[in-house]
Amino acid sequence: MYVHQRQGSLEVICGPMFSGKSEELIRRIKRAIIARQRVQVFKPALDDRYDVSAIASHSQRKHDAIPVKDSEELRRHLDPEAEVVALDEVQFLDEGLLAVIDGLAARGVRVIAAGLDQDSNGEPFGIMPILLAKAEYITKLQAICMVCGAAAGRTQRLVHTGGQVLVGAAEAYEARCRHCHEIPD
Ligand code: ADP
Ligand code: ZN
């Protein structure tokens with residue numbers, strides 16, 4: 001059945017580390033560019049795992065991105081002509097992003113936000129649970145569990161340094177399924 005959709009919506013791509021969120025985000029960005037749409041890409045400035053001004057997947061796929069330290073800086077960099085706004089690693093951005101995204105979607109922009117839905121303790125990460133509640137479309141990806149080979153929805157921290165954020169250290173994490181994931185005490 002064909003249902004007419006008005007322009008302006010939020011798509012969320014979530015899952016654990018290594019599940020292909022950045023790859024999927026880059027795929028959608030490339031298709032929007034092929035469709036000759038005006039696309040702007042942002043990422044939090046603290047994610048510098050491969051490149052400060054690009055988003056990169058673990059499989060080395062890349063796309064240019066504007067690094068921003070918070071939602072206010074993102075707001076200042078917004079191109080009023082942008083038709084698609086893509087955001088990577090949204091779990092690291094502040095609550096102010098919610099109003100920015102609502103404003104963009106309200107005026108017809110397609111917003112695509114990728115990020116971790118759970119932290120390494122298996123708890124909802126930052127503003128992600130709110131974005132998931134507000135989204136029209138959700139893609140929840142799974143990686144492969146590095147212990148048993150099953151589908152993995154969680155991120156295991158291998159190095160214990162305390163705190164929720166340990167940036168730019170893919171080697172400090174691996175994907176695990178619910179059953180193999182261990183929460184440190
Ligand atoms: P994310 O943004 O979700 O962290 P990426 O898009 O950066 O994911 O990377 C996905 C790629 O990571 C896969 O295509 C694969 O090449 C690689 N990879 C490494 N470890 C795993 C794993 N345990 N499960 C699935 N893919 C993995
Ligand atoms: Zn497992």
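One-based numbering, in listed order, for ligands and for the atoms of each. Quantities reported herein were computed from a predicted structural model and do not represent experimental measurements.
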Discussion item. Is any side-chain heavy atom of Glu83 closer than 4.5 Å to one of Val109?
Written reply: no
Worksheet item: Do any of the N, O or S atoms of His179 sit under 2.8 Å from the Zn ion (ligand 2)?
Response: no
Discussion item. Tell me the contacting part of Pro16 for ligand 1: side chain, backbone, both, or neither, using a 4.0 Å heavy-atom threshold, strictly below.
Written reply: backbone
Item to complete: Report, in ascending order of atom number, the atoms of ligand 1 lying under 4.0 Å from any heavy atom of His58.
Response: 4 (O), 5 (P), 7 (O), 8 (O), 9 (O), 12 (O)
Practice prompt. Establish, yes or no, whether a centroid distance under 6.0 Å links the rings of Phe92 and Phe125.
Written response: yes
Worksheet item: Is the distance from the Zn ion (ligand 2) to the nearest N/O/S atom of His181 under 2.8 Å?
Response: no
Discussion item. Counting C-beta onward and ignoring hydrogens, is there a side-chain heavy-atom pair between Arg28 and Ile13 closer than 4.5 Å?
Written reply: yes
Response to the item:
Candidates Gly149, Gly20, Gly115; heavy atom nearest atom 8 (O) of ligand 1 found on Gly20
Practice prompt. Please determine if Glu73 and Arg75 form a salt bridge, counting it only when a charged side-chain N lies under 4.0 Å from a carboxylate O.
Written response: no
Worksheet item: Less than 4.0 Å between a side-chain N and a carboxylate O, is that true for Glu11 and Arg110?
Response: yes
Worksheet item: For ligand 1, which atoms, with element, lie under 4.0 Å from some heavy atom of Met17?
Response: 4 (O)
Worksheet item: Between Met146 and ligand 1, which part of the residue brings a heavy atom under 4.0 Å of the ligand: side chain, backbone, both or neither?
Response: side chain
Discussion item. Under a 4.0 angstrom heavy-atom cut-off, which atoms of ligand 1 come close to Phe18?
Written reply: 1 (P), 3 (O), 4 (O), 8 (O), 10 (C), 19 (C), 20 (N), 21 (C), 22 (C), 24 (N), 25 (C), 26 (N), 27 (C)
